[in-house]
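For reference, the structure is listed below as structure tokens.
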Amino acid sequence: MSDEPLSQKEIEDRLRELPGWAYENDRITRTYRLDGHFAASALVAHIAALQQELNHHSDLTLGYDTVRLAVNTHSAGDAVTATDFALAERVESIAPGHGAA
Ligand SMILES: C[C@H](O)[C@H](O)[C@H]1CNC2=NC(N)=NC(=O)C2=N1
């Protein structure tokens, strides 16, 4: 199934279901705050496993106690697609278990 770029309205509609996520620089983004560096590192490892499973990868940035994701779909010309939102939803499903806010 080809991954089609989503329209601005489709992106906005989907973002309403994903509190904390934003659309910037042609990517959907989210920054999580964790209880310290080890917790942030553990979330990064878990997200990396999800990304390998989905074969879809964000730019993933580890800070002292933060994890930032920024993602779009390269094969769709670096546009935001449904696959990016599928990854976002999977990450949202695991983040609370890490104590992420
Ligand atoms: C060959 C491999 O399946 C592709 O390069 C995958 C890997 N991860 C990817 N991640 C993202 N964000 N976009 C892609 O188009 C993409 N394609």
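Remember, it's 1-based here, ligands and their atoms both numbered in the order they're listed. Just so it is clear, the structure is predicted and the values come from calculations on it, not from any experiment.
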Closest non-hydrogen atom pair between [X] and [Y], with its separation:
X	Y	answer
Ala40	Tyr64	CB-O, 4.3 Å
Ala79	Asp84	O-OD2, 3.6 Å
Glu92	Pro19	OE1-O, 4.4 Å

Problem - Per-atom contact, atom 5 (O) of ligand 1, protein heavy atoms, under 4.0 angstrom - result: no
Handout entry: atom 1 (C) of ligand 1 touched by protein heavy atom at under 4.0 Å
Key = no
Shortest protein heavy-atom distance from [atom], along with the residue and atom involved:
atom	value
atom 8 (N) of ligand 1	His57 ND1, 2.8 Å
atom 15 (O) of ligand 1	Ser75 N, 2.9 Å
atom 3 (O) of ligand 1	Asn55 ND2, 2.5 Å

Exercise for the section: Taking the side chain as every heavy atom from C-beta outward, state whether Val91 and Arg30 have any atom pair closer than 4.5 Å. Expected result: no
Practice task
Please examine the side chains of Arg33 and Thr66, heavy atoms only from C-beta on, and report whether any two atoms are closer than 4.5 Å.
Solution key: yes
Exercise for the section: Check Asn72 against ligand 1 and report side chain, backbone, both or neither, counting heavy atoms closer than 4.0 Å. Expected result: backbone
